[in-house]
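Below you'll find the structure, written out as C-alpha cells, and then a few comments.
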Amino acid sequence: MNKKSLYVTTPIYYPNDNLHIGHTYCTIAVDTYKKFKTYQGYDVFFTTGTDEHGQKLEDKAGENGYDNPLDYIDPIVASAKDLWKSLDIHYDAFVRSTDKAHEKNVQDIFQKLYDKGDIYKGEYEGYYCTPCESFWTETQVGEDHICPDCGREVSLAKEETYFFRLSKYRERLLQYYKDNPNFIMPKSREHEMVNNFLKDGLDDLSVTRSSFSWGVKVPFDPKHVVYVWIDALSCYLTAIGYGTDEEKFNRLWPASTHFVGKEIVRFHTIIWPALLMALDLELPKQVFGHGWILFDNEKMSKSKKNIFYPEPIVEAYGVDSLKYFLLREFTFGQDGSFTREKFLNRLNSDLANDLGNLLSRTVSMVEKYSDGIINEPGAYEAVDEDLKNVATSILDKVNEKMEVYDFSGSLEDIWSLIRRTNKYVDETEPWVVAKDENKERINTILYNLCESLRIISNLLYPLLTETSLKIRDQLGLNDLPKIEDANVWGLTKAGTKVKKSEIIFPRLNVKVEMEEMVKRNDALIKEREEEKKAPGFKGEAEGLEDDKKAEITLEDFDKLDIRMGTVKKCIDHPNADRLYVLTVDIGSKDITIVTNLKSKYSIEEMEGRKLFVLYNLKPHNFRGIDSEGMLLAAEDEDGNLDLLTVKKELRNGAKVE
Ligand code: MSP
C-alpha cells in the first residue's frame, strides 16, 4: 500500500430507523479524522453504508405494512445520505448491502469459504437476539434469557444451518493480538475480547439462516441466506473494489482503522479477522471501539424513547455546533451523556463567548481604530512574544493528539490559544492605547490579534471547516488554510482589509432553547413515524377497548375554537414529501395549515372541500412552514379516515359549540 494512503471506515448502519445523534458520532469523528489526515497530506479513503438485510429489517418493514423491505428501507437510506450531506461528511464510498455488486461478492466469498472446507452444514440450537442479530449460548444469556449486549429477551432458535469454522482461528487470533498491540484500541477492549470470548475457547459460528428469506442467498443452497454480519462486514471490501477493481483494492487494503461502537468490537476483532484469514487476505491494522452517547445513562435508542435526531439541531444551531459538542464533550473511547443543557452551555461558553466574541471584537476594533485595515506591527513587548509563542506551539500538540483520535484534546488545545488571545486583549487594553493615539502600538496589538485568529482558523479548518472559513472571511483572507501555515507567525499581509459580518455564534437563552429542542425533536419523531407507514397501513388492530381520555369540563371544551372552513388551495410541501400545505378560508380570513393527509387525499379531493378546523391551536412549524390550525378527522382501526364535515351548507367561520 502507498505509504500515504489510508483506508478508514465507520460501521455499516442498519436502516431500520432514521439515524440519531449516537449514529452521527462515529461518522463525524471519522470524517474529521479524514479531513485532518488529508490536511496533513495523506490520501484517505472513507467508507460508510447501510446494512440492509436480516430478520430485523424484514420484521420492521412488515410491521409498517410493506411486503418488499426495500420499500421501507429506501427512504431511510435517502434520509441518511441527506443527513451526511447536511453534516458536510465527505465519504468516498457508500455501500448498500443490497447493491447487486455487493451481493455477488458475498456469494463469492461464501463459496470460497465453502470450497476451502471452512464452512460445513449442521444444526444450530441456541439463542438469537434479533435486534442485535447475534447468536448467544445458554451461559451467555443466563437464566433470564437476556441478550448481554442490549438487555432484551432473546429467542430460542433451532434450525439447519451452515457453520463457519471459527474455532480453528482462535490461536491465530490471539497471536495476532500479541504481535499487533495496537490492533484493538482502546487497549481495555482487547482485554474484554480475550477474557469474555477467547480465553475459554471459541465455538464455530452459525453463518446462515433459513427461517426468513431477506438476505443474500447461499449460492449452493438457496433456502439459506447468509448471516447478516458476514454480509455487512464484507461491505468494507466491496467499497474499495473487491471483485471488480483489483488495482484499487490492492492499493487500499488492508484497512488502516475500522471505527466502531464498543458493542460491535467483537464482530470486528474476532469474526472479521478470522474470515479474512480464511480468505487469505491481510488483516486490518486497527479496530477502534468508541464509547456510547448516553441519554439519562441509557444508550440512545428508539425503543427507550430517548432519541435525539441531529437534523433539527443542525437546522437551529448550525453544523459546527453539533460537531464541536460531540467532539469536544466526549472522550472518544468512553461513554458520555448527552444533555440539552450541556450542549447549550458549551455553545454559549466556548463558541459564542470565547471564539465568536474574540472574532467580533477584534474585527470591530480594527474597523474602529484602524479604518478596517490590518497594519504592519511595530516592536514586540513580552506580552506579544508570549502570544506568538503560544500560537505557534499548538499545531504540534494537535498533530500528536489526532494521531490517537483525541478530538477533545485537540479542540481543548486550540481553545487554549483562543483563551490566551482573549486574555491578550485584556492585558493590552487596545481601547486605552487607541485613546493615547499610540499608532505603532495599536497597529501591533491589532495585527497580533488578527494573526492569532488566522492561526486559529488554520488549526480549526479540518475540525470545524465552516467556522474556519467564516473567520477567514471576516479577517479578509481569501486563500484556503494550509497546515504548514498553522505554526508560522506573521503571514497576514499588512494592508489586508477586514470585513465585519454577522456574529458567528450568537448567545442563546438556555431555558428557552431547552424547550425548543424538545419541541422540534418531538415534531420530527411524529412526522417520521407517520412517514414510515405504508400508504393506507394503520398497524395491528388494537381492539375496540374503551380508551376514554381524562374527563374535561364545559369550560375546557369552551376553550376550543373550532370553525367551519373551505380549502381554497392545496399544494405539496416544498420540504416534506408526505405533507400538503393548505390555504383554508375560515370566514374572517385565510389561514395556512400543514397536514399529513397526502397519502389519503389527492389535491383535487382536497381543494374545495368543506371541513372543520381547530383554529386556536398554537401555531407549529413543519419543515419551515407555520401551521396555524389543525383539521378535524376521524380514523378507525383499519386506517379508514375521513375529514369531519356537516350535511347542511354552513357559511365558513361557523363555530362548533
Ligand atoms: N449494522 C451493524 C454494523 C455492521 S458494520 C459491518 C450495526 N448497525 S447499527 O446501526 O446498529 O449501529 C451502527 C453504529 O452506531 C454502532 O457502532 C453503534 O455502536 C453506533 N451507535 C448506535 N447508538 C449509539 C450511541 N447512542 N452512541 C454512540 N454510538 C452508537 O451495528
Side-chain angles (χ1 to χ4, degrees), residues 8-30 47-57 60 73 76-77 79-80 83-84 93-98 102 105-106 109 129-134 147 149-152 189 215 226-239 255 257-273 275-276 284 287-310 322 325-327 329-339 407:
V8 294
T9 66
T10 68
I12 309 296
Y13 296 90
Y14 290 126
N16 55 321
D17 253 313
N18 298 86
L19 303 183
H20 56 65
I21 289 192
H23 296 119
T24 65
Y25 182 44
C26 186
T27 312
I28 286 178
V30 178
T47 289
T48 188
T50 38
D51 180 0
E52 306 184 6
H53 291 124
Q55 190 175 353
K56 173 161 68 173
L57 262 310
K60 192 81 193 189
I73 293 167
I76 299 181
V77 174
S79 111
L83 172 62
W84 298 146
F94 187 105
V95 182
R96 295 187 61 171
S97 64
T98 50
H102 175 68
N105 276 344
V106 174
I109 287 170
C129 173
T130 306
C132 294
E133 303 279 15
S134 321
C147 167
D149 270 355
C150 71
R152 278 173 278 207
R189 309 238 184 263
V226 176
Y227 177 39
V228 68
W229 270 98
I230 308 286
D231 179 352
L233 288 159
S234 309
C235 289
Y236 299 143
L237 302 179
T238 301
T257 310
H258 292 304
F259 292 91
V260 300
K262 61 179 185 178
E263 86 285 17
I264 60 171
V265 167
R266 71 190 175 97
F267 297 94
H268 286 79
T269 58
I270 298 176
I271 299 176
W272 185 224
L275 275 176
L276 292 167
V287 173
F288 190 98
H290 64 77
W292 285 341
I293 294 184
L294 305 172
F295 192 85
D296 291 337
N297 290 326
E298 298 232 56
K299 189 177 167 205
M300 205 175 277
S301 88
K302 187 125 187 239
S303 59
K304 290 180 185 134
K305 295 207 175 355
N306 62 6
I307 285 272
F308 255 92
Y309 284 129
L322 181 64
F325 179 74
L326 293 179
L327 296 175
E329 182 73 26
F330 308 113
T331 305
F332 196 45
Q334 291 163 20
D335 291 352
S337 272
F338 178 92
T339 71
F407 303 100

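Every number for a ligand or one of its atoms is a count from 1 in the order of the listing.
Atoms of ligand 1 lying under 4.0 Å from any heavy atom of G291, numbered from 1 in the order shown and given with element: 28 (C). The ligand atoms of ligand 1 that sit less than 4.0 angstrom from a heavy atom of H290 are 28 (C), 29 (N). The distance from ligand 1 to the heavy atoms of L233 drops below 4.0 Å at these ligand atoms: 6 (C). Annotation for ligand 1: atoms under 4.0 Å from non-hydrogen atoms of D51 are 1 (N), 2 (C), 4 (C). Close contacts between ligand 1 and H23 involve ligand atoms 10 (O), 15 (O), 22 (C) [criterion: under 4.0 Å to a heavy atom]. Of all atoms in ligand 1, numbered sequentially from 1 with element shown, those under 4.0 Å from a heavy atom of E263 are 16 (C), 18 (C), 19 (O).
The ring of H268 has its center closer than 6.0 angstrom to the ring center of Y236. Between Y25 and F332, the ring centre distance stays below 6.0 Å.
Residue G261 has at least one nitrogen or oxygen atom sitting less than 3.5 Å from a nitrogen or oxygen atom of ligand 1, judged on distance alone. In terms of N/O distances under 3.5 Å, ligand 1 is not approached by Y25. Considering both main-chain and side-chain atoms, G22 comes within under 3.5 Å of ligand 1 through a nitrogen or oxygen pair.
Pairing each heavy atom of D51 with each of L57, the nearest pair is O-CD2, 3.8 Å. Here the closest heavy-atom approach between residue C26 and residue V260 is recorded as SG-N, 4.5 Å. Contact record, I76 with P15: CD1-O, 3.3 Å, taken as the closest heavy-atom pair.
Residue contact annotation: F295 has no non-hydrogen atom under 4.0 Å from ligand 1.
Between T238 and T47 the shortest side-chain heavy-atom distance does not fall below 4.5 Å. With contacts defined as side-chain heavy-atom distances shorter than 4.5 Å, the pair T9/V30 does not qualify. Counting heavy atoms from C-beta on, the side chains of E133 and Q55 come closer than 4.5 Å.
For Y236, every heavy-atom contact with ligand 1 shorter than 4.0 Å involves the side chain, none the backbone. Heavy atoms of I293 found under 4.0 angstrom from ligand 1 belong to the backbone as well as the side chain.
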What verdict does the side chain to side chain contact (heavy atoms under 4.5 Å, CB included) test give for K60 and I73, after you've listed the backbone C-alpha separation in whole Å, the side-chain angles of each residue and the deciding distance to 0.1 Å?
CA-CA 9 Å; K60 192 81 193 189; I73 293 167; over 6 Å; no
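Of the candidates I230, I12, L326, V265, it is I12 that places a heavy atom closest to atom 5 (S) of ligand 1.
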